[in-house]
Amino acid sequence: MANELEKVRNIGIMAHIDAGKTTTTEQILYYTGENHKIGVVHDGSATMDFMKQEQDRGITIQSAATTCHWKGYRINVIDTPGHVDFTAEVERSLRVLDGAVAVLDGKNGVEPQTETVWRQASKYNVPRIVFCNKLDAIGADYEMSCKSIGDKLGVTYLPITYPIGKSAEFNGVIDCLHMTAVEYDKEDSTREPKVIDIPAEYKDLAANYHQNIIDVLGNYDEDVLMMALNGEEPTEEQLIAALRKATISGELFPVFCGSAYKHKGIQILLDYIVALLPSPLDLPPVVGHDDKDNEVVVHSDEKEPLCSLAFKITTDPFVGKLTFVRVYSGVMRTGTYVYNNNKGVNERISRLVIMHANKREDVDCLKAGEIGAVVGLKNTSTGDTLVDEARKVQLESIEFSEPVISQAIEANSKADQDKMASALMKLCEEDPTFHFYTNEETGQSIIAGVGELQLDVNVTRLKEDFGVKCTVGAPQVAYRETIKKVGECEGRYVKQSGGHGQYGVVNIRFEPNPGKGYEFVDAITGGAIPKEYIKPTDEGLKDAMTRGLVAGYPAIDIKATLFDGSYHDVDSSEAAYKMAAGLSFKAAADKCDPVILEPIVKCEITTPNDYLGAVLGDISSRRGQTEGMEAHGNAQVITAFVPLANMFGYISDLRSITQGRGIYSMTFDHYQEVPRSVQAEIVKKRNS
């Protein structure tokens, strides 16, 4: 078993939008024999982009899982989306993967979303190698791309391969560790590359890169260091072992070059994926907790009781609900029951499949270290732990971003109304950052998410995949509220009406708590309020905070200290203290200087130099703050912070300013107080 697991690689392909992740995955499938034809993203034939929406838009929306084999190794690959609106897909994929390939666009190096996915991978300690793609494109620069890894990500990188030729002349790859080179057929680069001597003009450069590999690896491996100091040449096996160790520990990030679209550098990348990225046995065991909150160590061993994590839910038109799982220990078998530790229910495993993008291969079991999918689980959601009842372990769940944008949605008929609710519930199950609820004040159905594209994709899926006729309103920003001053507020709920009355009095100190969320402190002394009324007070506050203080938006970043109060032997009740807490929070509107907060997005805008002034002027008109600029050839890359409310439909404005040549990406960054004039407008609009 250990032997089998050593030959398993669970990897993700991650990058900024349009860096070539899906094309790289397609090439991996082609060269490992899973596909006989190479799919292409822009003509809609990519295996991994199998949703109609993905084919229409030419982007990846859902992470797709597939299995392939290379030189005796089994590689489970997850191709993740690059667009920031689908960042939850990346988050949950990285949570269950053992290694990742970060793909860079050779023209641009590290881009904004590369930084985001890199941070996500660092959060889960995922070892990475880097594939510098698109080196056949005009303006591609391998050395600049490598340097951007150090400059923008602040990590130690180590180039292992080097391209022969630039842009259209890129025709081969030098492996500077093995000091070998390959050349691709000019007529048909899918043919097996030819092994050649390193071209004379590259010999010195390759020797320098080889020496650099030895020097850098000497910092991580004593044997390599001692041999280098003694003037001896370490063996290739020693260099690979040292490189593997440093890669798995996350201290070093090897870099490889190629062009996925032109079929160059993929076999070398595959060789290094199996050589450098970890098997499930190479990583520390996963740690969970039992029902008494004691730590439980879960080893990658099929002899241990089952422990697995559901990391993704999707609806398949042919088999219904599919739950993707990563098995950490034990064996999941068809026909058996598993215990859902989050929901406290048993679920039957009626059918197990290994996914090849949208095709399925039935299997009898999934063993420790494997990734597969279960058909037909009824109660399981993303982040749930599925275990053997003999050992109830809870694995750390997955946290997702809160929505920052919403839209009203209305079905066109009564029949569509019922269909819409069930379809939206399915979409919420699939994407944990997509929310659907009813506004109690207006009775409107609301969808909410992390970006315009995400809402647009889900509304299109609602119409096309589920056949629901509906209308949506204009996007709305998810504002928040908070306080700026400290204030002590009394909440008094005293009602006397024959028989039992209601009595609850609380004194609460409210203070700003920037970036720390809501915090409740029980500072009651001398039994001024009995213990059983403390929790209802906390609950009453949480409930009141959802209704805000200024314009009815949820309040955040507030510390509430319950320091005094009183009670009545007969009339006090949990409900009375809930009400009293709500009244004390209302009083904070007069004492604590409440303000509205708006989401601020970080934008990276690329514009030709000719339009720089116009683009900067437009950013200012949107209340944006320019943080910096960087020249990229004859273009400028502007980094700016802009209120989300002023970014709706920005792409069409940018295109008209730059005659269709400008591009941008944005990602939610933080909440910030709105100017008083804007606050007055928001309140007026809310009350109208």
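Residues Val298 and Tyr328 approach most closely at CG1-CB, 4.0 Å, considering heavy atoms. Residues Glu111 and Asp105 approach most closely at OE2-CB, 3.7 Å, considering heavy atoms. Listed here is the closest heavy atom pair of Arg326 and Val96: NH1-O, 2.7 Å. Taking each heavy atom of Glu347 and Lys378 in turn, the nearest pair found is OE1-N, 3.2 Å. Here the shortest heavy-atom pairing between Pro305 and Asp388 reads CB-CB, 4.0 Å. The minimum heavy-atom distance between Gly106 and Cys132, with the atom names listed, is CA-SG, 3.8 Å.
Looking only at side-chain heavy atoms (C-beta outward), Leu252 and Asn219 stay at 4.5 Å or farther from each other. The shortest side-chain heavy-atom distance between Glu236 and Asp175 does not fall under the 4.5 Å cut-off. Using a 4.5 Å heavy-atom cutoff, the side chains of Thr114 and Val103 are not in contact. You'll find the side chain of Ile164 stays beyond 4.5 Å of the side chain of Asn171, heavy atoms only. Between Tyr220 and Ser249, every side-chain heavy-atom pair lies at or beyond the 4.5 Å cut-off. Residues Tyr272 and Leu177 have side chains in contact (heavy-atom distance under 4.5 Å, counting atoms from C-beta outward). Between Thr385 and Tyr339, the closest side-chain pair of non-hydrogen atoms is not below 4.5 Å. Here the side chains of Leu153 and Phe253 are not in contact, with every heavy-atom distance at 4.5 Å or above.
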Quiz item: Is there a side chain to side chain contact (heavy atoms under 4.5 Å, CB included) between Leu277 and Asp98 once you walk through the steps?
Solution: CA-CA 8 Å; Leu277 289 177; Asp98 301 328; over 6 Å; no
Exercise. Would you sort out whether Arg461 and Leu427 count as a side chain to side chain contact (heavy atoms under 4.5 Å, CB included), showing the intermediate values?
Key: CA-CA 9 Å; Arg461 285 191 66 195; Leu427 292 173; 3.5 Å; yes
Practice problem: Output, in order, the C-alpha distance, side-chain angles, deciding distance and verdict of side chain to side chain contact (heavy atoms under 4.5 Å, CB included) for Phe256 and Leu276. | Solution: CA-CA 12 Å; Phe256 304 91; Leu276 302 181; 3.9 Å; yes
Quiz item: Would Thr67 and Asn76 count as a side-chain hydrogen bond (donor to acceptor under 3.5 Å, both in side chains) if you check the C-alpha gap in whole Å, the side-chain angles of each, and the deciding distance to 0.1 Å?
Solution: CA-CA 4 Å; Thr67 302; Asn76 295 316; 3.2 Å; yes
Practice problem: Decide yes or no on side chain to side chain contact (heavy atoms under 4.5 Å, CB included) for Val387 and Leu395, but give the supporting numbers first. | Solution: CA-CA 10 Å; Val387 293; Leu395 297 175; over 6 Å; no
Exercise. Evaluate salt bridge (Lys or Arg N to Asp or Glu O under 4.0 Å) for Asp221 paired with Lys245, printing each intermediate quantity in order.
Key: CA-CA 9 Å; Asp221 188 284; Lys245 192 171 78 177; 3.7 Å; yes
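Atom CZ of Arg333 has 12 or fewer neighbouring heavy atoms from other residues, nucleotides or ligands inside a 6.0 Å radius. Heavy-atom neighbours of Asp362 CG from other residues, nucleotides or ligands within 6.0 Å: above the threshold of 12.
Side chain of Tyr124 to main chain of Leu97: no donor-acceptor pair is present (N/O by atom type, distance under 3.5 Å, no hydrogens or angles). Put simply, the side chain of Arg391 never gets that close to the backbone of Cys307: no donor and acceptor are under 3.5 Å apart. Between the side chain of Asn133 and the backbone N or O of Ala260, at least one donor-acceptor pair lies under 3.5 Å. Using a distance-only test at 3.5 Å, with no hydrogens or angles considered, no donor-acceptor pair links the side chain of Ser329 to the main chain of Asp301. Not one N or O on the side chain of Asp185 forms a donor-acceptor pair closer than 3.5 Å with the backbone of Glu192. The backbone N or O of Cys257 sits less than 3.5 Å from a side-chain atom of Thr161, completing a donor-acceptor pair. Using modelled atom types, no side-chain atom of Lys367 and backbone atom of Leu5 make a donor-acceptor pair closer than 3.5 Å. Formation of a donor-acceptor pair under 3.5 Å by the Tyr184 side chain with backbone atoms of Gly265 is found in this model.
If you take CG on Asp282 and CZ on Arg244, they are separated by 4.5 Å, rounding to the nearest 0.5 Å. Here the OG1 atom belonging to Thr247 is positioned 8.5 Å from the CG atom belonging to Leu158, to the nearest 0.5 angstrom. Note that the OG1 atom of Thr380 and the CZ atom of Phe324 stand 14.5 Å from one another [nearest 0.5 Å]. For the atom pair CD1 (Ile149) and CE (Met144), the distance works out to 10.5 Å, reported to the nearest 0.5 Å. Atom CG of Asn342 is separated from atom CG of Leu309 by 8.5 Å, given to the nearest 0.5 angstrom. Once rounded to the nearest 0.5 Å, the distance linking NZ of Lys107 with CG of Leu104 reads 12.0 Å.
Both the sub-6.0 Å distance and the 45° axial angle are satisfied by Lys264 relative to the ring of Phe170.
In this model, no donor atom of one side chain and acceptor atom of the other lie less than 3.5 Å apart for Asp151 and Ser148. No donor-acceptor contact under 3.5 angstrom links the side chains of Ser279 and Glu6, judged on distance only. Checking Ser381 against Lys343 by side-chain atom types alone, a donor-acceptor pair falls below 3.5 Å.
When each of Asn379, Asn346, Asp384 is checked for a side chain to side chain donor-acceptor pair (under 3.5 Å) with Asn340, only Asp384 meets the rule.
Using the six-membered ring where Trp is involved, Tyr209 and Tyr162 have ring planes that are perpendicular, over 60° apart on the 30 and 60° scheme.
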